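One structure is given here, and the rest of the page talks about it.
These values consider heavy atoms only, across backbone and side chains, with no hydrogens, waters or symmetry-generated copies. All figures in this text were calculated on a predicted structure; none of them were measured in a lab. Lettering follows sequence order; numbering is per chain, from 1.
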Protein chains: 4
Amino acid sequence: MSSGSEARRGRPRSAGADERIIRVAIELLLARGYGGLSPDEVAERAGVAKTTLYRRWPSKGHLALAVVARLQEYDEIPDTGDIRRDLTVYLGEIAVALNRMRLAGAAEGSRSPGTVAELVAAAARDDELDRLRRELYERRNALAIALIERAVRRGQLRPDLDPGVLLEQLAGALYYRVLITGAPVDEEYAARLVASALDGATTAE
Amino acid sequence: MSSGSEARRGRPRSAGADERIIRVAIELLLARGYGGLSPDEVAERAGVAKTTLYRRWPSKGHLALAVVARLQEYDEIPDTGDIRRDLTVYLGEIAVALNRMRLAGAAEGSRSPGTVAELVAAAARDDELDRLRRELYERRNALAIALIERAVRRGQLRPDLDPGVLLEQLAGALYYRVLITGAPVDEEYAARLVASALDGATTAE
Amino acid sequence: MSSGSEARRGRPRSAGADERIIRVAIELLLARGYGGLSPDEVAERAGVAKTTLYRRWPSKGHLALAVVARLQEYDEIPDTGDIRRDLTVYLGEIAVALNRMRLAGAAEGSRSPGTVAELVAAAARDDELDRLRRELYERRNALAIALIERAVRRGQLRPDLDPGVLLEQLAGALYYRVLITGAPVDEEYAARLVASALDGATTAE
Amino acid sequence: MSSGSEARRGRPRSAGADERIIRVAIELLLARGYGGLSPDEVAERAGVAKTTLYRRWPSKGHLALAVVARLQEYDEIPDTGDIRRDLTVYLGEIAVALNRMRLAGAAEGSRSPGTVAELVAAAARDDELDRLRRELYERRNALAIALIERAVRRGQLRPDLDPGVLLEQLAGALYYRVLITGAPVDEEYAARLVASALDGATTAE
DNA sequence: AGCTAATCGAGACGGTACGTCTAGTCTTAAA
DNA sequence: TTTAAGACTAGACGTACCGTCTCGATTAGCT
């Protein structure tokens, strides 16, 4: 895409700086939550000037989003052919990530959604950040939707199924618990959820 | 509740203050979103001192939650016996409320989740506020769960169904769109969602 | 002028805060010069929030000016009837103040005009600050001009003398040395200056 | 001075760069004042890299001083034999230069001393710059002092006169007005000043 | 012709001061 | 005791600015 014919000029951005900043940011975010992610401190710990940080991520929200993106970097979903199992595994991974965020910087027993909500809130104040955040989720969801579509093509799922809606039912339920009701999410719940969504609610006659 | 024996002394609380504050808060929240709900400005517009406001709602989050609660005051869900229809109506109402919040204070084309996320984030920083917020949702969800249970009892839904999980699939999908993907929610979506959740995803054989 | 019929409302400004802030500011300014006068540090040392400081002095320049004003608080110039002597004393006092500023925060042997110039420069960036600064000097100079006028009335100085111009010759020379040439100013110089200005330069015939 | 034997190697300095930079700097300084003289912008407008600029003038202050020096390039003071007139002309020229600086980058009605003070302040932070600045003034003042000395030798001014002090009275008054009181300086003032200084203040008997 | 050395354009980088913003608390006098 | 008014605490956040450093690309003199 931007493969580089255009000869770069000027001092190139320090490659190490990006990585050091992100690492420190991950550490801080997981240890203290969104509120504890101070750009000042990140810069200092990364041995970098604040300007350098802000040149890359123009606000604390952007930085936090980059952290989340990094923590979610898994490029493909295993497709074993057993859609029920694959979806359960996928949702389980999301649950793990959500739980990690949930624990970040939270008081001991707190069931607080913490970082996830803060990030959505931060995005709510900055359209550009919001766009980036949505793109992140779209990218991730595209993988899951493709998984579902393959199952449809294999005849395992009904042909008139809307894969997006199914995914929203599944992922939505996880986020609903984390963000809204505070109920726990784990693999067992993921399995129940998949069963419920796939099998439907109406009486099987 | 507190009627009674212990004779209060000193100046009694201003009667109309609560209502005036809430009204201004609703107005501000809808017009400018959570960020625009400045306690200072609410107090000033309501013709009330900040102390008066904080004596009633101990934080901005509490006030915002009170606003949201007020905006969601509907006490029962119509039960026509047609569970598919009733659920669609119910979800449609939630969608309307979410859209209202979504528009609050947002720039024109913005699809920002705004207030909902801010409120969750605020709750993430204050356990007591989080408790209140969850109670609000539980109260509302209890109605929907009862609706589903009645349908189960009538034999319209499968007896082994977990009503909570079904509700999470449905409401969760709405919130997922609003908070995470930014996709639109409306009655048409509510209907599709109900169909998808009730009918399941597996091939009907 | 603003004598107080209009009943003050709200919490009055902390009287101690002003004083504490100014004291710390004086200390810092004299010890480290204008560059070392950090509003943050002043606030912290004075045990005061930054907002409190900025409510009173809207910029570092305003604060520094307040310090200078405080350091120059002498309300009257002794008038012994000997104008030559009185002017010398007056100029000597200015010289002392200038030297104090000059030493503020300067490297050992440095003859730098430091704070005085910084203050003028700061005023150059802020019209309102500049106005305040000029008023300060006008107030001070009015005293000296009155002194000169009295001498004129007593017949000690020529009746067609412009007191303002004379003062500018005198004070100006001091400031010129401090700000421009870096030459020393002391009482001996003050005396020479007065003699030169009073006696004129033309050949006495 | 450095002509000669040690054969320079490497790419020679760009010939036109110095001049282009100074030109842009003059333009910017006069248009927007010291604060508007951004090294970045000077370099960009001059089509030059910042390194190139800083290789020639090691700080913004040095550059500004170079600008001022350039603007003051007049090599001799006319000596008509009429010391009163010659001094007036000389002071008038200084006044013109000061007024030009004063207007630089100032808001319409502002009487701000701007650049002059900024330069002094900058010099206060850098001993080497301060030395250069003082040398500039000394060079200029030497001409005036020589002028005065010639008048002394001609018997027009008193033989015991200290030419330096007289000059300080004169130039000092101009700078005092510009830097301290903000009062206007022009040729009429220059004339009054010369008269006052030459004729003295004491009653002529 | 190659080697060496300095300059050049471009722009990232360091460092740090400054002021703003926002929530919630505290202190007055009056009701 | 509540109310209005507004000063107060607390601290994070982002901006501004100057001067340095690092690239790759030039341009000279020396060998």
Side-chain angles (χ1 to χ4, degrees), chain A residues 7-15 17 35-41 43-44 47-56 58-61, chain B residues 8-14 17 35 37-41 43-44 46-63 122 125, chain C residues 7-15 17 35-41 43-44 47-61, chain D residues 7-14 17 35 37-41 43-44 46-63 122 125:
Chain A
R8 286 251 163 259
R9 296 204 306 205
R11 176 173 177 176
R13 290 211 176 163
S14 158
L37 182 73
S38 145
D40 254 76
E41 187 171 356
E44 194 198 330
V48 142
K50 260 203 295 183
T51 40
T52 298
L53 190 161
Y54 278 103
R55 191 173 299 115
R56 289 159 167 75
S59 80
K60 170 172 166 170
Chain B
R8 293 253 169 243
R9 300 218 297 205
R11 177 168 172 174
R13 287 203 177 172
S14 158
L37 184 72
S38 143
D40 259 78
E41 188 169 356
E44 194 197 330
V48 141
K50 271 201 292 179
T51 35
T52 302
L53 190 162
Y54 277 103
R55 195 168 296 116
R56 288 157 170 77
W57 294 279
S59 82
K60 169 170 164 170
H62 287 79
L63 177 59
R125 294 174 221 125
Chain C
R8 288 252 162 254
R9 298 209 300 208
R11 177 173 177 175
R13 289 208 179 165
S14 158
L37 183 71
S38 144
D40 253 77
E41 187 170 357
E44 194 198 331
V48 143
K50 260 201 298 182
T51 40
T52 298
L53 190 161
Y54 278 103
R55 191 173 300 115
R56 288 157 167 77
W57 298 282
S59 80
K60 169 172 166 169
Chain D
R8 292 254 168 243
R9 300 220 296 206
R11 178 171 175 174
R13 290 203 178 170
S14 160
L37 185 72
S38 143
D40 258 81
E41 187 170 357
E44 194 197 330
V48 142
K50 269 199 294 178
T51 35
T52 301
L53 190 162
Y54 277 103
R55 197 171 294 116
R56 288 156 171 77
W57 295 278
S59 81
K60 168 171 167 172
H62 286 81
L63 177 59
R125 293 173 222 126

Look at [X] and [N] and indicate whether a side-chain polar atom (N or O) is within less than 4.0 Å of OP1 or OP2.
X: C:R9; N: E:dA30; answer: no
X: D:R11; N: E:dG9; answer: no
X: B:R56; N: F:dT3; answer: yes
X: D:R13; N: E:dC8; answer: no

Report the distance from atom [atom1] of [X] to atom [atom2] of [N], rounded to the nearest whole Å.
X: B:W57; N: E:dA23; atom1: CH2; atom2: P; result: 16 Å
X: B:E41; N: E:dG24; atom1: CD; atom2: P; result: 16 Å
X: C:L53; N: F:dA7; atom1: CG; atom2: P; result: 15 Å

Return the set of residues passing salt bridge (Lys or Arg N to Asp or Glu O under 4.0 Å) with [X] (not counting sequence neighbours), or none when no residue passes.
X: B:K60; value: none
X: B:E44; value: none
X: A:R11; value: none
X: B:R56; value: B:D18

**Study point:** D:A46 or A:A49, whichever maps to the more 5' nucleotide of DNA chain E
**Key:**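 Residue closer to the 5' terminus by nearest nucleotide: D:A46.
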Review point. With sequence neighbours left out, what residues match D:A46 under side-chain contact (heavy atoms from CB on, under 4.5 Å)?
Key: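 Partners of D:A46 under the side-chain contact (heavy atoms from CB on, under 4.5 Å) test: D:R20, D:I21, D:V24, D:V48.
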Filtered N/O pairs between nucleotides 17-19 of chain F and protein, under 3.5 Å:
unit_1, atom_1, unit_2, atom_2, d
F:dC18, OP1, D:K60, NZ, 2.6
F:dG19, OP2, D:Y54, OH, 3.1
F:dG19, OP2, D:K60, N, 2.7
F:dG19, O6, D:K50, NZ, 3.2

Exercise for review: Starting at OG of B:S38, measure out to NZ of B:K50 and round the result to the nearest 0.5 Å.
Suggested key: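 That separation rounds to 8.0 Å.
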Exercise for review: Could you check which of E:dC13, F:dA7, F:dA25 has an atom nearest any side-chain atom of A:S14?
Suggested key: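 Within the option list, the nearest is E:dC13.
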